[in-house]
> 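Can you read through this structure? Questions will come right after.
Letters go in sequence order (proteins before strands), and every chain restarts at 1.
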Protein chains: 2
Amino acid sequence: MEMEKNINIKSIADRLGVSTASVSNALNDKGRIGEDLKKRIIETATELNYKQNIIAKTLKIKKSWIIGVLIPEMLFEYFFQIIIGMEEIATEKDYTLVFANTHYDSEKEIKDINKFLRMLIDGLIIIGGSGEINHISKFIDNTPTVLIARHLNNDNISYPSVFYDDRAAQINAVSYLNNLGHKNIGYVGIMPAENIQITNIELRKRGYMDGLKINNLKFNSQNLFFKSSHEYVSNLDNVYDFLKNNLFIENFQQMPTAILCQNDYIAIALIKILMEKGIRVPNDVSVMGFDNLVISNYTNPALTTTKQPKKELGVVGINLLLDIIENKSVNRKKILLPTNIIERASTAKV
Amino acid sequence: MEMEKNINIKSIADRLGVSTASVSNALNDKGRIGEDLKKRIIETATELNYKQNIIAKTLKIKKSWIIGVLIPEMLFEYFFQIIIGMEEIATEKDYTLVFANTHYDSEKEIKDINKFLRMLIDGLIIIGGSGEINHISKFIDNTPTVLIARHLNNDNISYPSVFYDDRAAQINAVSYLNNLGHKNIGYVGIMPAENIQITNIELRKRGYMDGLKINNLKFNSQNLFFKSSHEYVSNLDNVYDFLKNNLFIENFQQMPTAILCQNDYIAIALIKILMEKGIRVPNDVSVMGFDNLVISNYTNPALTTTKQPKKELGVVGINLLLDIIENKSVNRKKILLPTNIIERASTAKV
DNA sequence: TTGTATGCGTTATCAA
DNA sequence: TTGATAACGCATACAA
């Protein structure tokens, strides 16, 4: 096996007896070079199988074509749909995505962002997470950043962001159920861990409460199930186990005729639990989810739920970020995406 | 706003009146430096909020702590479970993953690998895809590479790899159904596009055929549904639509008492289609999947299926790769992971 | 149009 | 133990 020497612009320059400057100019299609020499350089480059070293280029021009993406957990579909949307656009525009899983941990967020900055990322996308932003604002202020579906506690702080309105969506859900004739509507939600606070989850619950008020339905605290888990609850199996151990249908004061859920996983698990107890959905009780997972159309009964534009969150988010990166003017834009109710078979008139 | 100058090792060196060499040695905990100076350097570094530039370091020492990962499609759960497994280990060992979606396209594979190499990745992981490897072997031979769940056409070619046996698993599935008393077993599979060839899919189908033989059941070509789609079929909705338009249950010669499927999506879609026609599962026909998606325990009826160790594929794969990167000796290892049948409610005795 | 020379931030060699 | 300096591969300001 022959010793394979690294081919760089100097290899090409030497081979042709020209300067590296000319090689660089030729290969990057800058103007300052003659057509003839340019052609010879490009020929030699392909002949030698030259590959531009992105790392060196990045060091020189301070552009990496890397976008850092912060995800709070590796949850199926919800986050991955967002990522899929981003990936298509990023690839198309020759950017590379790198991910970090922050586990809803502020310390980890700081650590991950620091790592990204040391990699000279061109921009940052933060998906979901807590309502807190102060601990990372000093980084964000110096780096093009877009927030996706992250609701900040402090409304005065504003960052470029793409989001949908969890609260308004759940208000709509309550109204939808009310229109079906349900006057006694329960709610099932889970905070996936005790020490974290996820604004989206709070907002969905508040939407339920406000929805009752707006529809002139009375709130009954017995019919609100909202617990934190001490162990991390995220996937369907976890959710099922948690509800199985913590939610006692018989504890509902006056069994609700409809139960609104924080998300589809909870709805799907709840339906399974109800059916195991011989409670029929929607005959005995209507169940409504939130997220519109792909699978929710294939459960039995198919799930009525609220669809938020997951993939579009990613697409719009990355486009916004790339606009900011390539043209500083579009900063501080906030984009609200719509939600809508997908009516299926898990809800019925009463 | 003050002009924020980049803090580098020279900033620290200048501040203390020492050389950059000493700063580097101190910060990287190399030996050649006095304890006293080292302490002062580290203090100054934190004081100035110094962040090491990974790009410059990578250029110098030719190590990026980046692992490139090739995925053939953004399919939920199957690939994402693998990724989740990898991500945990990679993060733990301070590596960063970058992904490329090859869309089962050889040209794109070459392009993506080239991009990775230009980023000076430390290693490459290739998940799934076609049975062909020649077009990228020249890259792989010079870069630590691990194949995950990619079955090569040519058995003579050997790369470090982690996999499970699709064919053997489907043979087991046929035997399982046979033991339930099913003698007329159908099969439903889809090749997601016409011009691509995915070895795993071929192997699963072959497992069905071989399984019949081994169990002394006769093969009836009328009961094998295996079509290519001209449009890309991957997610559950696609699969449902495709089957709805192409699979006519009544065309089965002598309706099978059990139908084995290529994957869980197909099984779930098939069950929905059967139920829409009033055919009961498992009373009228048993249906068996492959993959054991999380959701498959929550369908109604819950799905009997074959579980392959998705997350473990990722964990074992990345560990193997990191071993190769850090210690060239473990090369050319092939690791076979077991599969097992998860018995649920979609199959019954006949 | 082309070449010379410098620097991006780091590590590493060699000399002091 | 410490410092001066070259080198990684590239782009660019400036000179020719």
> Looking only at side-chain atoms of A/T20, point me to the closest of C/dG3, C/dA5, D/dA6.
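Among C/dG3, C/dA5, D/dA6, the one nearest the side chain of A/T20 is C/dA5.
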> Cut-off 3.5 Å, side chains only: do B/K57 and B/N28 have a donor facing an acceptor?
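The answer is yes; a qualifying pair exists.
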> Taking atom P of C/dA12 as reference, at what distance in whole Å does atom CG of B/D29 sit?
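My rounded result for the distance is 14 Å.
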> Among side-chain atoms of A/N53 and A/K51, is any donor-acceptor pair under 3.5 angstrom?
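Distance-only check fails for A/N53 and A/K51.
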> Measure from CG on A/L120 to P on D/dC10 and round the result to the nearest Å.
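About 17 Å, once rounded to whole Å.
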> Please tell me which of B/V18 and B/I61 maps to the more 5' nucleotide of DNA chain D, matching each residue to the nucleotide holding its nearest heavy atom.
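Mapping each residue to its closest nucleotide by heavy atoms, the 5'-most match is B/V18.
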> Salt bridge check, B/K38 against B/D29: does any charged N sit closer than 4.0 Å to a carboxylate O?
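Salt bridge between B/D29 and B/K38, a charged N being under 4.0 Å from a carboxylate O: yes.
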> Just to confirm, is there a sub-4.0 Å distance from OP1 or OP2 of C/dT11 to any side-chain nitrogen or oxygen of B/K57?
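Looking at the OP1 and OP2 atoms of C/dT11, one of them is under 4.0 Å from a side-chain N or O of B/K57.
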> If you pin B/R32 and A/L27 to their nearest nucleotides in DNA chain D, which one's is more 5'?
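First, find each residue's nearest nucleotide; the 5'-ward one identifies B/R32.
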> Given D/dA4, C/dT11, D/dA13, which nucleotide is nearest the side-chain atoms of B/I9?
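Nearest nucleotide to the side chain: C/dT11.
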> Given C/dT4, D/dC10, D/dA4, which nucleotide is nearest the side-chain atoms of A/N53?
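Within the option list, the nearest is D/dC10.
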> Between C/dT1 atom P and A/K30 atom NZ, what is the distance in whole Å?
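About 15 Å, once rounded to whole Å.
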> Please determine, for the side chain of B/N8, which listed nucleotide (C/dG9, D/dT12, C/dT4) has the closest atom?
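From the listed options, C/dG9 comes nearest.
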> Give a yes-or-no answer on whether the side chains of A/H103 and A/E73 include a donor-acceptor pair shorter than 3.5 Å.
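Note: A/H103 and A/E73 side chains miss the donor-acceptor criterion.
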> Does any non-hydrogen side-chain atom of B/T102 lie less than 4.5 Å from one of B/I126?
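Sidechains of B/T102 and B/I126: no contact.
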> Mind calculating the distance between CG (A/N6) and P (D/dA7) to the nearest angstrom?
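Computing the A/N6:CG to D/dA7:P distance gives 16 Å.
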> Take the protein atom CG of B/L16 and the nucleotide atom C1' of D/dT1, then report the distance between them rounded to whole Å.
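Value for this atom pair: 16 Å.
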> Could you give the CG-to-P distance, from B/N25 to C/dT10, as a whole number of Å?
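Rounding to the nearest Å, CG of B/N25 and P of C/dT10 are 14 Å apart.
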> Among the candidates C/dT4, C/dT11, D/dT2, find the nucleotide nearest to the side-chain atoms of B/S22.
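Of the candidates, D/dT2 comes closest.
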> Looking for any heavy atom pair under 4.0 Å, which part of the strands does B/I55 touch: base, sugar-phosphate only, or nothing?
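Since no nucleic acid heavy atom lies under 4.0 Å of B/I55, the category is nothing.
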> Just compare C/dG3, D/dA11, C/dG9 and give me whichever is closest to any side-chain atom of B/A56.
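Of the options given, the side chain of B/A56 lies nearest C/dG9.
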> To the nearest angstrom, how far is A/L59 atom CG from D/dA7 atom P?
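One finds 17 Å between P of D/dA7 and CG of A/L59, rounded.
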> Roughly, in whole Å, what's the span from NZ in A/K62 to C1' in D/dA11?
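Whole-Å distance recorded here is 12 Å.
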> Using a distance-only criterion (donor-acceptor N/O pair, under 3.5 Å, no hydrogens), is the base of C/dT11 paired with the side chain of B/K60?
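Checked by distance alone, the answer is yes.
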> Mind checking if B/K10 touches a base, just sugar-phosphate, or nothing, with heavy atoms under 4.0 Å?
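Nothing: the residue B/K10, judged by heavy atoms under 4.0 Å, touches no strand.
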> With the side chain of B/S24 defined as its heavy atoms from C-beta on, choose the nearest nucleotide among D/dC10, C/dG9, C/dT11.
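Of the candidates, C/dT11 comes closest.
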> Indicate, with a heavy-atom threshold strictly under 4.0 Å, whether A/N28 touches base, sugar-phosphate, or nothing.
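Result for A/N28 = sugar-phosphate.
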> Should the ring pair B/H151 and B/F163 be called parallel, tilted or perpendicular, given that the plane angle runs from 0 to 90° and is split at 30 and 60?
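Perpendicular, since the angle between the ring planes exceeds 60°.
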